Amino acid sequence: MAAYDRVIRGGNVATAEGSRVADIGIKAGKIAAIGEDLPRGEDETDAHGRIVTPGGIDSHVHIAQVSGMGVWTADDFESGTRSAMCGGTTTTISFAAQHRGQSLRKVVDEYHARAAGKTYIDYAFHLIVSDPTEQVLGQELPALIADGLTSFKIYTTYDALKLSDRQILDVLALARRHNAMTMVHCENHDAMTWLAEKLIASGRTRPKYHCFSHNMPVEREATHRVIALAEMLDTPVLIVHVSGREAMDEIRRARARGLKVYAETCPQYLFLTQDDLDKSGFDGAMCMCSPPPRDKANQEHVWIGLRDGLFDVFSSDHAPYRFDDPKGKKVAGTDASFKKIPNGVPGLEIRMPLLFAEGVLKGRLTLERFVAVTATNPAKIYGLAPQKGAIAIGADADLVVWDHERELTVSQRLLHDAMDYTPYEGMKVKGWADLVFSRGELVAKGGEPLAKAGRGRYLAHGPSDWSKPLGRSIFPEDISDIF
Ligand code: URP
Ligand code: ZN
Ligand code: ZN
């Protein structure tokens, strides 16, 4: 009998700490050995001359969800996880989103039902908390955290989702008590609304004015405010979808004070600019997301932040609304003002390949940083390590063997989500995910699916050191008992 179910032989095995040429022996879906000249496996995969990384964890994904504007995402768990898998992602963390008046527990049950039997790869949930009532804070959230739903996103904007500063403090205090991770969407709602009303009243309604309303100072201000609130309570916080330098500077200043402030960015801030929202007619709506893409200089700053460790996580913020669809971007018609166009861009299939091709292969990002931000850090931050996010003995054999020679022109035709466009259409790239393994099973090859839906498993989150308070106070005496 063969020693392993499969051996991936002779690849350049990359982890967040470094890389070396080695064989990977897989048994019962787990990594059983890493070394040289391993005995033969039942199946053999030749990876000589290829890079092997952990399968990606996309920790910011909206699928089978109704947005803050009341629009359903185009992707459900089947199309969403199929698409993720074909691009080298082997775990998604999507949102179970509470809308006001809903019981969080019921919301979670609904998302479990939406995902059950549908997913191609393993999946976990974050919560979106939009209604932190006494019942939610006192009973539902603590019980859900105990069940392994230990991370939640809150919003400073969107009428249907936004929390007041006071409510943000309530949620942060709860996160502190229960060692949970709070992710925050940071934009100043009142400033954006004020500006949007004036823009629209003056006839400036086209998609490009979305960027005027969602400008950098509104992102910077809310980032600063949320960090200050978290500092007050000595609670770690993760700022999601950071778009450029000014918000990054707030995070750098917080880090310089020793705070546990984590940061996430996304492909749209590396590969799109505000000019993409100024395409003819309604086309700019394709690239409309919040915060919006900025300019070339900000793109460079985001690359710097990925390189130097400011960014802990590179996620897609996949928020798929079809373009030519009355239930998608055109829900309010093509003459609608930018305020009525669903916010979000797709990207979960292309997240890993774009960063690999444009980052690693073009020398802008080390392989170690690539692995850290696409897999290892999200696993640690959200309590999925050591099972996920690393090439280590005992970890799930979620792996990608990369084809660094493959040249292609990005096209929606190549992708496997339920969308009718990609914002990256026409981009020429060299390098793509070739062989994708999920728990040892070859689930995609050359960007095409091999597995069947329904094999994915739900993952509860474990405890994470990243979400523990620092144990220090801004007050002259310890008053943490009142939080
Ligand atoms: O525009 C975006 N990012 N839409 C998705 C929802 C969110 O805020 O992440
Ligand atoms: Zn957001
Ligand atoms: Zn999002």
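All residue numbers refer to positions in the sequence shown, counting from 1. Counting starts at 1 for both ligands and their atoms, following the listed order. Because the structure is a prediction, the values reported are computed rather than measured.
Under 4.0 Å from ligand 1, the heavy atoms of His241 that appear belong solely to its side chain. Residue contacts with ligand 1 for Glu187 are absent, since no atom lies close enough (heavy atoms, distance under 4.0 Å).
No other N/O/S atom of His62 lies as close to the Zn ion (ligand 3) as NE2 does. Restricting His185 to its N/O/S atoms, the shortest distance to the Zn ion (ligand 2) is reached by ND1. Nearest N/O/S atom of Asp317 with respect to the Zn ion (ligand 3) is recorded as OD1.
Ring geometry, His126 versus Phe95: the interplanar angle falls from 30° to 60°, so the pair is classed tilted. Taking the six-membered ring where tryptophan is involved, the planes of Tyr209 and Phe338 are tilted, since the angle between them lies from 30° to 60°.
A side chain to side chain contact (heavy atoms under 4.5 Å, CB included) with Leu229 is found for exactly one of Val237, Val184, Ile168, namely Ile168. Partner Tyr458 forms a ring-ring contact (aromatic ring centres under 6.0 Å, His included) with one of Phe77, Tyr123, Tyr111 and no other, that one being Tyr123.
Residue side and main chain included, His241 places an N/O/S atom under 2.8 Å of the Zn ion (ligand 2). Look at Lys153 and the Zn ion (ligand 2): an N/O/S atom of the residue is under 2.8 Å from the metal.
For ligand 1 and Asp317, the ligand atoms under 4.0 Å from any heavy atom of the residue are 2 (C), 3 (N), 5 (C), 9 (O). Using a 4.0 Å cut-off to heavy atoms of Ser290, the atoms of ligand 1 that qualify are 1 (O), 2 (C), 3 (N). Taking every non-hydrogen atom of Cys289 and a distance limit under 4.0 Å, the qualifying atoms of ligand 1 come out as 1 (O). Close approach of ligand 1 to Ala319 is summarised as follows: ligand atoms under 4.0 Å from at least one heavy atom of the residue are 4 (N), 5 (C).
Residue-environment remark: CD (Glu448) exceeds the threshold of 12 foreign heavy atoms within 6.0 Å.
Using modelled atom types, one finds a donor on one side chain and an acceptor on the other under 3.5 Å when comparing Arg455 with Ser438. Residues Glu264 and His241 have side chains that never bring a donor and an acceptor to within less than 3.5 angstrom of each other.
We find the OG1-NZ distance between Thr193 and Lys162 to be 8.5 Å, quoted to the nearest 0.5 Å.
Pairing each heavy atom of His318 with each of Pro320, the nearest pair is NE2-CG, 3.4 Å.
Judged by the 6.0 Å and 45° rule, Lys468 forms no cation-pi pair with Trp466.
Counting only heavy atoms of the protein, atom 4 (N) of ligand 1 lies nearest to Asn343 O, 3.2 Å. His185 ND1, 2.9 Å is the protein heavy atom nearest to atom 8 (O) of ligand 1. Looking at atom 9 (O) of ligand 1, its nearest protein heavy atom turns out to be Lys153 NZ, 2.7 Å. The protein heavy-atom contact nearest to atom 6 (C) of ligand 1 is His62 NE2, 3.5 Å.
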